[in-house]
Amino acid sequence: SQIVYTRNPNYWEKDPVGPGKGNQLPYLDRLRTLMIPDASTQQAALRTGKLDQLGGFSSTDADQIRKLVPALKELERTSVDGRGTPVFLRIDQAPFSDVRVRRAMMMGIDYQKMLREYRGGKGQIVTYPFADTKDYHTLFLGLDDPDTPATVKELFSYNPDKAKQLLKEAGFPNGFKTSILLSSSGTAAIDYYSIVKDMWARIGIELTLDLKDPGTYTNLQTNRGYAMVTGTTAPAATFYLGVAYQGTGQNANLGNLNDPVVNAALVEVRVAALTDIEQAMKIWRDKIAKYVLAQAYAIPDVLAYNYNFWWPWLRGYSGEGPVSYAQTTWPNYIWYDAALKKEMGY
């Protein structure tokens with residue numbers, strides 16, 4: 001029902017900045033992570049002060065929380081992985097081995113409508129493989145960037161007529177049938193790709209949502225038992241490893257991509273990253289991002305924003321989530337204002 005972390009009296013780190021600089025960390029004696037499966041129960045626990053912090057709220061739920069508890073602090077951010085759940089196509093198999101098919105599929109998605117209506121205007125059209133974040137802005141190639149190639153921008157402009165023409169040129173004048181592997185536990189992804197299914201039907205692509213239980217989904221994903229699959233890869237911090245473009249045989253390469261242009265550029269990225277992350281990100285942006293986006297090797301989705309709320313008595317906290325693989329680094333630096341909590345009636 002819970003995970004309890006206890007303060008290590010021999011912990012090595014001192015507070016590095018601010019009024020508490022030099023103080024022994026951590027400040028907290030104990031941290032409890034509560035297992036509350038029901039979302040409404042989670043929210044009730046936050047509203048009544050039984051939880052100090054809770055993240056992952058949709059924009060709709062966030063609106064409700066603000067009205068009910070205006071004293072809470074909040075932070076708007078992209079999803080934890082920073083990329084949503086893009087579609088990976090089996091590049092080594094027809095029809096996805098033809099770039100015209102892949103480009104047609106992207107032109108058959110109305111990204112602006114998905115952002116406006118499905119995400120309620122709260123989200124980001126991601127030029128996969130990365131969303132635009134502060135630490136990794138250098139490698140981000142946005143649709144509004146002046147040096148983004150026209151061949152990339154075209155993919156995000158809804159054009160069903162051009163999509164049909166590309167399919168015809170690729171030998172599919174009447175479209176084709178395909179399927180996408182989805183985990184039955186991923187409700188949000190199922191909803192999203194149900195809308196994409198309807199959009200693709202208008203250009204002749206008949207899509208089946210192949211729903212599998214999480215265990216079967218993982219096995220099929222690992223063994224490449226799919227035509228298309230949704231998935232995420234390692235956090236952006238490991239971008240220099242190539243993420244989805246690691247070459248045949250890598251687990252993160254869900255499309256089985258083996259492109260010599262990408263492989264050569266990745267060598268430069270990895271070497272540069274050993275001593276100069278900024279330079280590595282520039283190489284990624286110029287030699288990989290511009291190329292792979294035009295090739296439509298992966299079909300990005302519209303990334304949702306989510307919201308993190310916390311009570312003011314959680315001091316030294318700014319809404320951050322996991323900042324390391326250990327997932328618990330940020331609590332090292334916060335302290336608990338018990339007097340303020342009592343003053344607020346909790």
Side-chain angles (χ1 to χ4, degrees), residues 79 81-115 118-119 123-131 152 155-156 158 160 163 166-167 170 172 175-212 217-218 220-234 243-246 250-257 259 262 289 292-304:
S79 62
D81 60 65
R83 290 184 301 279
T85 52
V87 174
F88 295 92
L89 315 171
R90 284 293 299 275
I91 307 301
D92 56 338
Q93 295 180 354
F96 308 124
S97 53
D98 193 317
V99 66
R100 293 169 295 186
V101 171
R102 303 193 301 267
R103 290 182 64 87
M105 294 173 75
M106 285 195 64
M107 292 181 194
I109 298 175
D110 191 340
Y111 282 98
Q112 292 297 334
K113 185 175 182 179
M114 295 294 277
L115 175 61
Y118 181 69
R119 298 299 190 197
Q124 183 183 150
I125 298 175
V126 179
T127 51
Y128 188 82
F130 297 112
V152 172
L155 297 176
F156 294 87
Y158 184 52
L166 286 172
L167 289 176
F172 300 97
F176 59 88
K177 296 181 180 180
T178 189
S179 64
I180 181 171
L181 177 65
L182 296 170
S183 172
S184 58
S185 65
T187 306
I190 294 170
D191 289 345
Y192 183 92
Y193 287 109
S194 294
I195 301 174
V196 171
K197 175 181 178 179
D198 292 338
M199 291 181 177
W200 277 347
R202 298 170 196 165
I203 63 172
I205 298 176
E206 185 178 331
L207 178 66
T208 298
L209 304 184
D210 186 12
L211 306 181
K212 301 296 185 184
Y217 168 85
T218 300
L220 289 171
Q221 186 188 77
T222 302
N223 296 310
R224 301 299 189 262
Y226 52 79
M228 297 189 293
V229 66
T230 62
T232 56
T233 52
V243 191
Y245 310 116
Q246 294 186 3
Q250 296 294 328
N251 185 55
N253 184 7
L254 298 177
N256 273 8
L257 175 65
D259 186 317
V262 176
V292 297
L293 285 171
Q295 293 294 315
Y297 282 140
I299 299 177
D301 62 348
V302 179
L303 186 66

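Throughout, residue positions are numbered sequentially from 1 according to the sequence presented. Bear in mind the structure is a predicted one, so any value in this text is a computation, not a measurement.
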*Between CE of M114 and CG of D301, what distance do you get to the nearest 0.5 Å?*
8.0 Å
*With side chain to side chain contact (heavy atoms under 4.5 Å, CB included) as the test, would you mind laying out the steps for N256 and I91 before giving the verdict?*
CA-CA 6 Å; N256 273 8; I91 307 301; 5.9 Å; no
*Considering all heavy atoms of both residues, which atom of K212 and which atom of L181 are nearest to each other, and what is their separation?*
CG-CD1, 3.5 Å
*Atom pair CD1 (I299) and OH (Y111), whose distance is rounded to the nearest 0.5 Å*: 6.0 Å
*Could you tell me which non-hydrogen atom of A294 sits nearest to which non-hydrogen atom of V99, and how far apart they are?*
O-CG2, 4.3 Å
_According to ring-ring contact (aromatic ring centres under 6.0 Å, His included), who are the partners of Y192, at least two apart in sequence or on a separate chain?_
Y118
*Check for a donor-acceptor pair, side chain of N223 on one end and backbone N or O of G225 on the other, with a separation under 3.5 Å.*
no
*Identify the heavy atoms of L303 and R119 that sit nearest to each other, and give their distance.*
C-NE, 4.2 Å
*In Å and rounded to the nearest 0.5 Å, what is the CZ to CG distance from R102 to L89?*
7.5 Å
*Are V87 and Y193 side-chain neighbours, meaning at least one heavy-atom pair lies under 4.5 Å?*
yes
*With sequence neighbours left out, write down each residue that passes side chain to side chain donor-acceptor pair (under 3.5 Å) with S183, or none if nothing qualifies.*
S185
*Contact check, side chains of L155 and L293, non-hydrogen atoms, under 4.5 Å*: no
*asked:* For the CD1 atom of I205 and the CG atom of L167, what is their distance to the nearest 0.5 Å?
replied: 5.0 Å
*Are side-chain heavy atoms of R224 and Q93 found at a separation under 4.5 Å?*
no
*M199 and P160, any side-chain heavy atoms less than 4.5 Å apart*: no
*With sequence neighbours excluded, residues passing side chain to side chain donor-acceptor pair (under 3.5 Å) with D110*: none
*Any idea how F176 and F96 line up, ring-wise: parallel (<30°), tilted (30 to 60°), or perpendicular (>60°)?*
perpendicular
*How long is the span from the OG1 atom in T230 to the CD1 atom in I180, to the nearest 0.5 Å?*
5.5 Å
*Locate the shortest heavy-atom distance separating G108 from A163; write the atom from each residue and the value.*
N-CB, 4.3 Å
*Evaluate whether atom CD of E206 has more than 12 neighbouring non-hydrogen atoms of other residues, nucleotides or ligands under 6.0 angstrom away.*
no
_Using every non-hydrogen atom in the two residues, find where G255 and F88 come nearest and quote the distance to one decimal._
N-CB, 4.2 Å
*asked:* As an exercise, state the distance from OG1 of T208 to NZ of K177, rounded to the nearest 0.5 Å.
replied: 8.0 Å
_Closest non-hydrogen atom pair, I190 against S184_ = CD1-O, 3.9 Å
*Under the side chain to side chain contact (heavy atoms under 4.5 Å, CB included) criterion, do I125 and Q112 qualify, and how do the steps go?*
CA-CA 8 Å; I125 298 175; Q112 292 297 334; 3.5 Å; yes
